[in-house]
Enquirer: 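Below is the structure I would like to discuss, written out as structure tokens.
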Amino acid sequence: MKRKPDWLQSKGYMHITPSLSMERNWEDYYHKITSKKYMETYAFFPLIHRILSDRKYKKPDPKKHHIKAGKSRAHSHKKLDGSGTVKTVKQRPLHYASHFDALIYAYYAHELGKKYEAKLKEDPELDKAVLAYRTIPISEENKKGKSNIHFAHEVFEEINKRVDTEGEVAVLAIDLKSFFSTLHHPTLYKIWAYALGEDELPKDHLNVFRSCTNFSYVLYNDLKKKGKRHFDESRLAKIRKTKGFKCFFESNADFRKAIKEGRLPVYKNPFFSDKDEDSKKERIGIPQGLPISAVLANLYLIDFDRTIINDLSRKLGAHYRRYSDDILILCKPAQMKDIDDYVNELIKKFHVKISTEKTERFLFRNMVYNKNGDKRITAIKIIEGDRCVIDSPLNYLGFEFRGYNTLIKSTNIAKYYRRVIEIIKRRSRRVIRLSSHNPTIPRAVYLNQVKKLYNAPIKYANKVENKQVFRRRYSLTIDDRGDFIFDHFDVPIKQQSNYLSYIKRCKRQFGSNSFSRQLKKKKQIIGQAINKHLVRKSW
């Protein structure tokens, strides 16, 4: 092997197994992973499980929550039965594989991905319909992959086009419920074998399939210092210094000892199907967070996508797009009810449920918006029956589309501001603590200290005569004599990006300055945060 494959990339997080020395040993890893015989009997390590929480600013449900006068949205709501308060938090359960296991999943994702792409290419309409977790070139000249910006723009342009030609268009926005954690294992096995062109999975693929469906895991919080909210940093530093790698344990024997002594509980796949009267619960689902999870999720619904294309797109002229568990269908208003019922019935064959409370229905048509009688394309959200809300936006891939205008989703803008404020809070606490010990240190938070979020980043790649720029990295390794040495290697500096550069890409793609106006209060919010967390607390 002369060149390291793209799928052979190291992970930066800490796990229960040592971090890998990719620059020195990647060929050894490659030969093991690509050996069918080796993979047939390989024993996978437990995953690390943690839940990422993202608070939501949501409306209360009048059937469940108290509604405060003059306040329609909040981060928490009091229950009607008086049993307490419920926080509006979206939780995303993630599972991380050990470093070597992640490389295995990446390799099999790469191999399955090639088979899956070949199946999609057999039908151009099917190839256009599936958007997520794929590299779709922007154009024949520009081979860079499309992002959610391109996908959203294409859908919104299709809506405008249909309104111009047909007068109005209906939009169905459907969300699949707990998609990854509800995948039916026999169906997944069958479709996995189909992708490989086999009746049964080869032994190496079968071993990977079992690791994805019958997995074990440890909790991220159980790895922290007992009774504390943080890790035993002195122990982790000792491992890095004496062993030369990052890891929660000094060795596999140390890891097994922690399990045997009961200091580290190990759990099995927690996802079960709903129990019927005549059947027992069975394990379902795959962990979200593995390098192979995205490919399996796409592959799982290939027959569903193909059926929609054949029955709705070709026969009825509907426009179908699926981004992971988000489904969008454009059709004629008279077709919307029948198509909604059809999709709800079809998805049952794949043992996946639709989140009915998140399904949204819209009409887009030209409507008068001022006293002069001028018209523009306007979104009309259908609530129940004949009830509707005019000028209520369609939320799709992080954008709010009203027909006449496109904006970044307001919750995403709020999340950006929260990140900036959180950095200012941390900087303020730090400078107050330091200045209390040393009065010569000025109590100030400078904009330069939040530049990663506040300023657009410098783009390094291909800046000097089309030459790639590199940064030198160092790693602690063990030489042939058993001595620790610092090994160095050069890594290419990638084109950097942050939220400000994302805003600029939106402006270019949509040809609108409305995205920049959404951040017009940026300086004001930063100034208020500094005044609150630094100036006032310094008094």
Side-chain angles (χ1 to χ4, degrees), residues 1 3-11 15-22 24-49 95-119 133 180 183-218 247 249 251-253 255-256 259 266-269 271 282-300 302:
M1 290 291 295
R3 179 178 175 275
K4 185 172 67 172
D6 292 337
W7 56 264
L8 203 62
Q9 300 293 331
S10 61
K11 305 296 180 181
H15 213 277
I16 56 179
T17 60
S19 56
L20 304 177
S21 178
M22 295 298 297
R24 293 170 60 91
N25 302 323
W26 71 265
E27 289 189 68
D28 181 43
Y29 303 146
Y30 173 85
H31 291 304
K32 286 182 178 179
I33 293 169
T34 55
S35 169
K36 292 182 179 294
K37 188 175 181 180
Y38 179 83
M39 286 308 307
E40 287 174 4
T41 56
Y42 178 78
F44 287 82
F45 280 88
L47 311 174
I48 289 180
H49 173 49
H95 295 79
Y96 303 94
S98 66
H99 295 280
F100 187 72
D101 291 1
L103 297 181
I104 294 173
Y105 290 125
Y107 169 70
Y108 280 87
H110 173 72
E111 294 299 303
L112 267 180
K114 291 191 296 184
K115 302 286 186 182
Y116 175 66
E117 288 292 330
K119 298 288 184 185
Y133 315 128
F180 285 87
L183 299 189
H184 187 238
H185 292 170
T187 303
L188 179 62
Y189 178 95
K190 183 180 178 181
I191 207 72
W192 192 327
Y194 158 77
L196 298 176
E198 305 284 349
D199 293 328
E200 295 183 353
L201 288 180
K203 290 183 178 180
D204 59 320
H205 280 266
L206 179 61
N207 192 26
V208 178
F209 169 81
R210 286 172 175 166
S211 73
C212 295
T213 54
N214 192 28
F215 60 93
S216 58
Y217 64 93
V218 298
C247 186
F249 298 94
S251 63
N252 289 340
F255 167 61
R256 289 192 294 269
I259 296 174
V266 178
Y267 305 90
K268 298 293 290 184
N269 176 0
F271 310 128
E282 60 178 352
R283 278 198 166 91
I284 57 174
I286 60 174
Q288 189 173 355
L290 302 185
I292 199 173
S293 298
V295 176
L296 295 181
N298 264 347
L299 183 62
Y300 185 86
I302 188 170

Enquirer: Of the non-hydrogen atoms in Pro287 and Ser293, which two are nearest, and what is the gap between them?
Expert: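 Distance-wise, the nearest heavy atoms are O-OG, 2.6 Å.
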Enquirer: Is there side-chain contact between Leu20 and Ser10, with heavy atoms separated by less than 4.5 Å?
Expert: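 No, their side chains stay 4.5 Å or more apart.
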Enquirer: So Leu290 and Asp101, do their side chains get closer than 4.5 Å, heavy atoms only?
Expert: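 No. Closest side-chain heavy atoms not under 4.5 Å.
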Enquirer: I need the Ser216 OG to His49 NE2 distance, nearest 0.5 Å.
Expert: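 With rounding to 0.5 Å, OG (Ser216) is 13.0 Å from NE2 (His49).
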Enquirer: If you draw a 6.0 Å radius around NZ in Lys115, do more than 12 non-hydrogen atoms from other residues or ligands fall strictly inside?
Expert: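 No, NZ of Lys115 has 12 or fewer neighbouring heavy atoms, counting only those of other groups under 6.0 Å.
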Enquirer: Between Pro18 and His99, what is the shortest heavy-atom contact and its length?
Expert: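 Closest heavy-atom pair between Pro18 and His99: O-CD2, 3.5 Å.
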Enquirer: Find out whether Leu112 and Leu196 are in side-chain contact, i.e. whether some heavy atom of one side chain is under 4.5 Å from a heavy atom of the other.
Expert: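 SC-SC contact between Leu112 and Leu196 confirmed.
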Enquirer: Minimum heavy-atom separation for Gly285 and Asn269, please, with both atom names.
Expert: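 Of all heavy-atom pairs spanning Gly285 and Asn269, the closest is O-ND2, 4.0 Å.
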Enquirer: Working to the nearest 0.5 Å, report the span between NZ of Lys203 and NZ of Lys37.
Expert: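 The distance works out to 11.0 Å.
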Enquirer: Kindly say whether the aromatic ring centers of Phe209 and Tyr108 come within a distance under 6.0 Å.
Expert: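 No.
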Enquirer: Measuring from Leu296:CG to Gln288:CD, what's the distance to the nearest 0.5 Å?
Expert: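 One finds 12.5 Å between CG of Leu296 and CD of Gln288.
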Enquirer: Nearest 0.5 Å, what's the CE-NE2 distance between Met39 and His205?
Expert: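 Met39 atom CE to His205 atom NE2 measures 9.5 Å (nearest 0.5 Å).
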Enquirer: State the SG-NE2 distance between Cys212 and His185, to the nearest 0.5 angstrom.
Expert: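 The SG atom of Cys212 sits 9.0 Å away from the NE2 atom of His185.
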Enquirer: Is the NZ atom of Lys268 crowded by more than 12 outside heavy atoms at less than 6.0 Å?
Expert: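 More than 12 heavy atoms, drawn from other residues, nucleotides or ligands, come within 6.0 Å of this atom.
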Enquirer: Measure the OG1-CG distance between Thr213 and Leu183 for me, rounded to the nearest 0.5 Å.
Expert: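 It is 10.5 Å, given to the nearest 0.5 Å.
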Enquirer: If you compare all heavy atoms of Ala102 against all heavy atoms of Pro291, which two are closest, and at what distance to 0.1 Å?
Expert: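 Heavy-atom minimum between the residues: O-CG, 3.6 Å.
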Enquirer: Could you check whether any side-chain heavy atom of His184 comes within less than 4.5 Å of a side-chain heavy atom of Tyr300, counting everything from C-beta outward?
Expert: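 Yes, at least one pair of side-chain atoms sits under 4.5 Å.
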Enquirer: Report yes if some heavy atom in the side chain of Phe215 is under 4.5 Å from a heavy atom in the side chain of Ile286; otherwise report no.
Expert: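 Answer no - side chains too far apart.
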Enquirer: Taking the six-membered ring for Trp, is the centroid-to-centroid distance between Tyr133 and Tyr116 below 6.0 Å?
Expert: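 For Tyr133 and Tyr116, the ring centres are not under 6.0 Å apart.
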Enquirer: List the atom of Lys32, the atom of Tyr38, and the distance in Å for their closest heavy-atom pair.
Expert: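 So the minimum-distance heavy-atom pair works out to O-CD2, 3.2 Å.
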Enquirer: Quick one about Asp204 and Tyr42 (side-chain donor to acceptor, distance below 3.5 Å, no hydrogens or angles considered), yes or no?
Expert: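 Judged by distance alone, the side chains do not pair up.
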Enquirer: Of the options Tyr267, Phe44, Phe271, which is the one that meets Tyr217 in a ring pair (Phe, Tyr, Trp, His ring centres under 6.0 Å)?
Expert: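 Exactly one pass, corresponding to Tyr267.
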Enquirer: What pair of heavy atoms forms the shortest contact from Trp192 to Leu299, and how long is it?
Expert: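 For Trp192 and Leu299, the tightest heavy-atom pair comes out as CA-CD2, 4.1 Å.
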Enquirer: Over 60° means perpendicular and under 30° means parallel, so tell me whether Phe255 and Phe45 are parallel, tilted or perpendicular.
Expert: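 Plane angle between 30° and 60°, so tilted.
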Enquirer: Would you say CD of Glu40 has more than 12 non-hydrogen atoms from neighbouring residues, nucleotides or ligands within 6.0 angstrom?
Expert: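 Enclosed: over 12 neighbouring heavy atoms sit under 6.0 Å from CD of Glu40.
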Enquirer: For atom CZ of Arg283, decide whether the heavy atoms of other residues, nucleotides or ligands shown that lie under 6.0 angstrom number more than 12.
Expert: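 Yes, CZ of Arg283 has more than 12 neighbouring heavy atoms, counting only those of other groups under 6.0 Å.
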